[in-house]
Amino acid sequence: MFAFKFEKIKNLKENIINIEIIKLSEINNQIKQKTLRISELKDQIKIFYKRFDDQIKTHVDFSILKYLSEEILACELEIQSTQKTIEELEAKKKAQIEIIKNLHKEIKKFEKLKEHYKERYIYDEKLKSQNFINDISTIFYNRNS
């Protein structure tokens, strides 16, 4: 009986930890996706700069140069917003890790309580057995006296 009380709670906490770990992995995947997006944007910026340089060397068409500079600016702004999103995701990641640590601590507490109640149960059972033996010894002693 001592084991079942705490085992159910421990199992529920472990299920919650598994859910929180899944959330953490989703956050990590989002961070990876955002990081990949930043590298793609940086590659696009390099391509736009190369086109910009080619346009300056060959033809000086200001509408194309303006378009390329706007595209470069748009990519840089998207990089900045993506970096802010990554920072927010990193904060969420830290919070999620704290939640998992706290749940893990709670599970450890329930394991210790379970062990404590198990030891107490065993002690009580031994005490009952000892009292039964003492009662029998007393009865036997009284009959022989």
Side-chain angles (χ1 to χ4, degrees), residues 1-140:
M1 179 165 183
F2 57 88
F4 297 116
K5 291 179 188 177
F6 297 109
E7 198 66 33
K8 288 180 182 178
I9 296 171
K10 181 183 155 204
N11 289 339
L12 290 173
K13 294 287 183 180
E14 286 175 348
N15 290 340
I16 293 172
I17 279 184
N18 290 335
I19 291 169
E20 297 299 326
I21 288 173
I22 290 170
K23 288 180 184 177
L24 180 64
S25 67
E26 289 173 359
I27 292 171
N28 283 333
N29 288 336
Q30 289 176 357
I31 290 172
K32 286 178 185 177
Q33 289 174 351
K34 299 293 182 185
T35 306
L36 288 174
R37 179 67 182 147
I38 287 176
S39 65
E40 290 172 1
L41 289 170
K42 287 181 179 180
D43 291 340
Q44 284 181 356
I45 288 175
K46 288 178 185 177
I47 291 170
F48 287 136
Y49 274 126
K50 185 176 180 182
R51 285 185 185 170
F52 192 86
D53 290 341
D54 291 343
Q55 281 295 319
I56 289 177
K57 289 178 184 175
T58 58
H59 309 290
V60 181
D61 187 0
F62 289 108
S63 62
I64 294 175
L65 292 177
K66 183 178 178 184
Y67 167 76
L68 290 173
S69 64
E70 288 173 356
E71 287 296 319
I72 291 170
L73 182 63
C75 288
E76 288 174 350
L77 291 175
E78 189 175 346
I79 287 173
Q80 289 175 357
S81 71
T82 306
Q83 286 174 338
K84 287 179 184 177
T85 306
I86 288 174
E87 289 172 5
E88 292 170 359
L89 288 171
E90 289 290 339
K92 282 184 182 179
K93 180 180 175 180
K94 287 179 183 178
Q96 199 68 28
I97 289 171
E98 284 300 314
I99 290 171
I100 291 171
K101 283 181 182 178
N102 290 336
L103 286 170
H104 186 68
K105 286 178 186 178
E106 289 179 22
I107 288 175
K108 290 292 184 187
K109 287 178 186 176
F110 282 114
E111 287 176 356
K112 287 181 182 179
L113 282 172
K114 178 181 151 187
E115 288 299 316
H116 171 73
Y117 279 103
K118 180 179 178 181
E119 290 172 4
R120 187 172 172 188
Y121 175 79
I122 291 170
Y123 175 77
D124 289 342
E125 289 299 313
K126 284 183 181 179
L127 188 61
K128 287 178 186 177
S129 298
Q130 187 63 40
N131 286 340
F132 180 72
I133 292 170
N134 288 343
D135 290 344
I136 291 175
S137 296
T138 304
I139 293 171
F140 184 72

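All of these numbers come straight from a predicted model, not from anything done at the bench.
A distance of 13.5 Å separates CD1 in Ile122 from CG in Leu127, rounded to the nearest 0.5 Å. Separating the NZ atom in Lys46 from the OH atom in Tyr49 is a distance of 12.0 Å, to the nearest 0.5 Å. Once rounded to the nearest 0.5 Å, the distance linking CD1 of Ile16 with CD1 of Ile100 reads 12.0 Å. The CZ atom of Phe52 lies 6.5 Å from the CD1 atom of Ile72; values are rounded to the nearest 0.5 Å. Rounding to the nearest 0.5 Å gives a distance of 10.0 Å between NZ of Lys13 and CG of Asn102. In this structure, Asp54 CG and Ile47 CD1 are separated by 12.0 Å, a value rounded to the nearest 0.5 Å.
With sequence neighbours excluded, no residue forms a salt bridge (charged side-chain N to carboxylate O under 4.0 Å, His left out) with Lys93. Listed by chain and residue number, nothing satisfies the salt bridge (charged side-chain N to carboxylate O under 4.0 Å, His left out) test with Lys42 (two or more places apart in sequence, or in another chain).
Put simply, the side chain of Gln130 does not reach to within 4.5 Å of the side chain of Lys126, judged on heavy atoms. Two residues are said to be in side-chain contact when any heavy atoms from C-beta on lie closer than 4.5 Å; Asp124 and Arg120 meet this criterion.
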Residues 78-86, side-chain donor-acceptor partners within the protein, below 3.5 Å, at least two apart:
unit_1, atom_1, unit_2, atom_2, d
Glu78, OE1, Arg37, NH2, 3.3
Glu78, OE2, Arg37, NE, 3.0
Glu78, OE2, Arg37, NH2, 2.9
Ser81, OG, Glu78, O, 3.0
Thr82, OG1, Glu78, O, 2.6
Thr85, OG1, Ser81, O, 2.9

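Minimum interatomic distance between Ile107 and Lys10 (heavy atoms only, all atoms of both residues): CG2-CG, 3.9 Å.
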Next item on the list: Test salt bridge (Lys or Arg N to Asp or Glu O under 4.0 Å) on Lys109 and Glu106 and set out the steps.
Entry: CA-CA 5 Å; Lys109 287 178 186 176; Glu106 289 179 22; over 6 Å; no
Item checked: Audit row: Gln44, Glu40, side-chain contact (heavy atoms from CB on, under 4.5 Å) steps and yes/no -> CA-CA 6 Å; Gln44 284 181 356; Glu40 290 172 1; 5.6 Å; no
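Under a 3.5 Å cut-off, the side chain of Gln96 and the backbone N or O of Lys23 do not form any donor-acceptor pair.
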